[in-house]
Amino acid sequence: MIKRLIDRLMGQPSEKMSSPLRISFDEHNIDVDHISPCASRTIATLHQEGHEAYVVGGAVRDLLLGFVPKDFDVVTDATPEEVRRIFRNSRIIGRRFRLVHVYCGRDMVEVSTFRAPHEASNSKDRKGRLLRDNTFGSINEDAIRRDFTVNALFYDPRSKEVLDFCGGYVDTQKNLLRIIGAPVQRYREDPVRMLRAIRLSEKLSLTIDSKTKSPFKKQAGLLDGVPTARLYDEFIKVVKSGSLASAVEQIVAFGFHSALFKKLDEVKARSKEGDFLRLVYKKTDERINSGKSVSPAFLFAAVFWPEVNKRWKYVESDPKYMGALVRAIDEASIGLSQTFIPKRLIADIRDIWYLQGRLLNRRGKKPTQVLRHTKFRAGYDFLELRGIAGEVPEELVDWWTRFQDIEPEDRESWLEKNTKLGGAEPKKRVRRRPRKKRNIEISPDQ
Ligand code: ATP
Ligand code: MG
């Protein structure tokens with residue numbers, strides 16, 4: 001009785017929740033055919049072996065909200081070792097969360113074991129952050145250790161029932177994203193939940209419940225303690241959500257950008273840089289929402305481009321503009337290496353920037369050489385965005401749009417006719433000067 005009262009005051013789901021709300025097919029209408037065959041088969045096999053098994057998490061949430069799930073997670077009372085023994089084509093993965101990947105040909109489902117909430121596992125650091133999360137538990141314990149109520153719904157394909165321990169079903173009907181338990185404690189355990197709230201609410205058009213949202217600004221600093229690799233993974237999920245533009249506005253509004261990178265703040269400014277970034281986010285969303293891929297290097301090149309651009313300040317008639325660009329790139333790269341951007345992307349980002357200089361030169365054989373650059377497409381797409389933003393003349397972008405479509409055998413004659421169009425043609429007077437030795441980075445195709 002007293003525990004129940006304390007739980008209610010703390011916003012914790014109480015023991016009363018141990019018997020779930022059972023929502024029948026007539027009410028929820030989830031079509032069993034919308035469950036992936038691999039998830040259905042995996043669950044059926046676990047049932048045959050005498051285990052409990054459900055579809056859980058994002059897939060149930062998405063089906064109830066009318067979205068197509070991107071993957072299916074299964075949860076069971078079988079331990080990872082038992083699951084591994086049941087499915088020949090499976091393997092155990094993960095350290096913080098041990099789970100099993102079960103393969104059905106090319107398809108795969110993630111099978112996890114019911115886990116106990118964090119209080120039960122003695123694995124937090126001094127700040128209350130979770131280090132390990134592997135204590136197995138019952139289904140209702142598994143529900144309350146999840147992040148949001150709408151993510152804690154279990155679907156049983158056999159009975160076609162949805163099991164709800166935390167009030168998530170009603171929240172799906174209200175389009176409400178609500179944290180399970182006491183918000184601040186849940187963010188201390190795992191600050192990434194705050195970023196997940198932004199991403200899921202933007203992607204699925206959910207309203208974030210006021211108690212869930214109210215600690216965000218004050219707790220934003222918790223994100224500083226999250227390993228950069230995890231922040232990067234979460235940011236990439238935001239990029240791939242198709243709602244980057246609105247998510248960045250929210251991330252900045254709550255102050256989460258300090259842990260990601262401060263540059264995101266520029267969308268707030270009514271400046272040229274802010275406009276350019278807004279355009280980049282909008283275009284990224286358009287690509288994702290029309291089923292195209294986006295390259296993280298391209299996006300980061302754009303976010304940090306103002307850093308290069310303000311240092312570059314080229315004058316087209318000055319043949320030293322490439323040297324100035326390389327210096328600007330070197331300086332901006334120092335800032336880049338202090339962010340969570342993985343080192344492996346930095347070379348690609350620099351190539352995209354470098355090509356902004358090379359695309360200015362439309363003389364002689366240069367354009368044909370640039371076309372062969374491995375990052376030409378990204379460099380050209382980047383130039384196109386700069387054209388839309390009014391940073392380079394549209395004529396330059398049109399020229400490259402036309403040139404890349406010319407058949408290889410016709411390029412030479414096309415260039416003869418079109419080489420005089422604007423661009424970075426050095427003045428003859430300057431070319432006659434003896435060349436100073438310059439420390440310019442040479443790209444492999446030069
Ligand atoms: P998406 O559509 O992006 O995959 P998702 O909710 O399925 O969204 P996953 O990262 O696949 O996200 O996580 C699967 C489930 O695991 C979630 O629905 C939630 O129940 C639980 N979960 C994920 N991250 C956390 C977290 N940080 N804290 C608690 N539970 C989590
Ligand atoms: Mg998922």
Side-chain angles (χ1 to χ4, degrees), residues 13 35-36 38-39 54-76 93-94 96-99 101 108-119 121 123-124 128-135 137 139-155 162-169 171-172 177-206 212 219 222-223 225-227 230-244 247 288:
I35 308 294
S36 84
C38 189
Y54 304 87
V55 180
V56 70
V60 186
R61 175 200 68 210
D62 290 355
L63 287 169
L64 288 172
L65 292 170
F67 291 90
V68 179
K70 77 176 161 47
D71 45 39
F72 286 81
D73 296 325
V74 167
V75 69
T76 175
I93 61 140
R96 184 163 171 252
F97 297 114
R98 287 183 77 223
L99 30 91
H101 280 174
M108 185 269 285
V109 285
E110 260 181 24
V111 181
S112 58
T113 306
F114 294 142
R115 277 193 287 260
H118 312 122
E119 291 79 5
S121 57
S123 54
K124 293 182 200 169
R129 211 172 44 186
L130 283 176
L131 301 173
R132 280 179 308 283
D133 190 14
N134 262 330
T135 316
I139 180 168
N140 60 311
E141 285 177 314
D142 186 86
I144 60 173
R145 62 107 200 153
R146 291 178 182 272
D147 47 5
F148 304 104
T149 62
V150 295
N151 282 349
L153 295 164
F154 301 77
Y155 176 71
V162 171
L163 273 53
D164 178 5
F165 295 85
C166 305
Y169 184 70
D171 287 345
T172 59
L177 193 69
R178 194 158 56 92
I179 192 94
I180 298 170
V184 175
Q185 185 194 329
R186 301 304 314 276
Y187 304 143
R188 282 210 190 108
E189 284 169 2
D190 183 5
V192 170
R193 288 172 184 152
M194 298 189 285
L195 284 175
R196 284 177 55 84
I198 304 293
R199 173 169 67 85
L200 294 173
S201 67
E202 292 300 331
K203 182 173 109 172
L204 306 166
S205 303
L206 300 174
T212 300
Q219 304 301 330
L222 290 173
L223 285 164
V226 176
R230 183 128 190 264
L231 284 178
Y232 178 76
D233 287 349
E234 192 54 37
F235 186 71
I236 291 299
K237 285 189 187 174
V238 176
V239 173
K240 293 187 176 162
S241 71
S243 312
L244 178 63
I288 295 283

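Just follow the structure's listing: the first ligand is 1, and inside any ligand the first atom is 1.
The part of D190 lying near ligand 1 is the side chain, judged by heavy-atom distances below 4.0 Å. Heavy atoms of V192 found under 4.0 angstrom from ligand 1: none, in either backbone or side chain.
When V60, I144, D147 are checked for heavy-atom proximity to atom 25 (C) of ligand 1, D147 turns out nearest. Of the candidates R115, R146, R196, R145, the one placing a heavy atom closest to atom 22 (N) of ligand 1 is R196.
If you number the atoms of ligand 1 from 1 as listed, the ones under 4.0 Å from a heavy atom of K203 come out as 2 (O), 3 (O). In summary, the atoms of ligand 1 found under 4.0 Å from a heavy atom of G57, numbered by their order in the structure, are 18 (O). Near K237, meaning under 4.0 Å from any of its heavy atoms, are these atoms of ligand 1: 10 (O). Atoms of ligand 1 found under 4.0 Å from any heavy atom of D73, numbered from 1 in the order shown, are 11 (O), 14 (C).
Evaluated for a side-chain hydrogen bond (donor to acceptor under 3.5 Å, both in side chains) with T149, the options T172, D164, D171, T212 yield exactly one hit, D171. A side-chain contact (heavy atoms from CB on, under 4.5 Å) with L65 holds for exactly one of V60, V150, L206; it is L206. The salt bridge (charged side-chain N to carboxylate O under 4.0 Å, His left out) test with D147 singles out one residue from R196, R61, R178, R193, and that residue is R196.
For the pair R186 (side chain) and I179 (backbone), a donor-acceptor distance under 3.5 Å is absent. A donor-acceptor contact shorter than 3.5 Å is absent between the side chain of R199 and the backbone of F235.
For ligand 1, one of its N or O atoms has an N or O atom of R61 under 3.5 Å away.
Using a 4.0 Å cut-off between charged nitrogen and carboxylate oxygen, D233 and K237 do not count as a salt-bridge pair.
Between F114 and F154, the ring planes lie perpendicular to each other; the angle is over 60°, past the 30° to 60° tilted range.
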